[in-house]
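Reviewing the structure listed below.
Hydrogens, waters and symmetry mates are skipped; everything else that's a heavy atom, side chains included, is used. Reminder, nothing fancy here: chain letters follow the sequence lines and each chain counts from 1. If you're wondering where the values come from, they're calculated on a predicted model, not measured in any experiment.
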2 protein chains.
Amino acid sequence: MAWTFDEIDRRILKTLQHEGRIANNILAEKVGLSPSPCLRRVRLLEEAGIIDRYVAILNPAAMGLKLTVFSRMWLKSQDAATVNHFAREVGQLPEVVECHLMAGDCDFLLRIIIADLDAYRRFQIDHLTRIDGVQSIKTDIPMQKIKQTTEIPLP
Amino acid sequence: MAWTFDEIDRRILKTLQHEGRIANNILAEKVGLSPSPCLRRVRLLEEAGIIDRYVAILNPAAMGLKLTVFSRMWLKSQDAATVNHFAREVGQLPEVVECHLMAGDCDFLLRIIIADLDAYRRFQIDHLTRIDGVQSIKTDIPMQKIKQTTEIPLP
DNA sequence: CCTGAAAGTGCCACAAA
DNA sequence: TTTGTGGCACTTTCAGG
């Protein structure tokens, strides 16, 4: 089912995607509403699942995590048991921040946040290749982050 | 410079990465502090840039954006002018949620959020291939999202 | 508009260096 | 004694009805 936004909802969402902790009265002012109806709209957007959650975004570099890598992985077979086992294992590795089961090319695409190349080398040996059913891994390394946002394009 | 976390800082960060809008007094209770020193620590983490910002995470599917694709792109040349122009253009496309300049293989890796395959087809023709200097594009499509988090592994 | 609750500030106590 | 950190009390501001 499609949700029908008006201009004010769009402004609310756009603002909250940048300032998730903004106070309701400030938000209200920004979108041109008084606080009460503004809060009501936010609650509705939350209950409808449009707003999934609020999070703090940390700066990995400030904690010494200076490297992001993309790893493409191939499994020995793609049967349900192998895939599910892999999914479960990967889900427990906090360094693996994203994991997708892919159509074509590789079986999985992972995004991994880690200190540096050496730490990644060890991580791959100690954790990724140890998972049952893993056949091979190709690592792609970003040299420069051009753009990175949690902001979703509003229709 | 490396920041030195104690156990309480780690608990604060872990909590805020899941509940970015949690009230300070609740957070304080969770981490075993009274509100004032808890707030002080949060402010320090913010000022140190450990906490970059707070955001609302929206649910793309609830807005009809049911597809994420990864596009690997090659440019005709990798000189600064071409690359910068590409970076600037891509930065203005809200559907492009992530863009990395890569070492080896492809030149850029993009993550794109969009309604469906047909919308992507049009987006690629109308926007991506129109950018000056673009030579070719390969599109990788995730079939299943195994894991996706904004949570960064704490050292 | 009104009320209760939370945020934020100042000050003091205590402990470690 | 100095520095860092927790706690309490007070004022201001906000949420929510």
Which of the following nucleotides, D:dG6, D:dC14, D:dG16, is nearest to the side chain of B:L33? D:dG6
What is the distance, to the nearest angstrom, from the CZ atom on B:R21 to the C1' atom on C:dA5? 16 Å
Test B:E98 against every option in A:R111, A:K147, A:K145 by the salt bridge (Lys or Arg N to Asp or Glu O under 4.0 Å) rule and name the one that passes. A:R111
By nearest atom, which of the nucleotides D:dG6, C:dA7, D:dC14 is closest to the A:N25 side chain? D:dC14
Length of the CG-P vector between A:N24 and C:dA6, whole Å: 16 Å
Rounded to whole Å, CG of B:D6 lies from P of C:dA15 at a distance of 18 Å
Carboxylate-amine/guanidinium contact A:K14 A:E151, below 4.0 Å: yes
Taking the six-membered ring of A:F5, is NZ or CZ of A:R10 closer than 6.0 Å to its centre and within 45° of its axis? no
Nucleotide C:dG8, atom C1' - distance to CG of B:L44 in whole Å: 14 Å
What's the closest nucleotide to the side chain of B:R43 if the choices are D:dG7, C:dG8, C:dA7? C:dG8
Using a cut-off of less than 4.0 Å, is there contact between a side-chain N or O of B:R40 and OP1 or OP2 of D:dG7? no
Check: D:dC8 base within 3.5 Å donor-acceptor of B:S36 side chain: yes
Here the distance between atom C1' of D:dG7 and atom CG of B:L39, to the nearest Å, is 14 Å
Is the shortest side-chain N to carboxylate O distance from A:R41 to A:D6 below 4.0 Å? yes
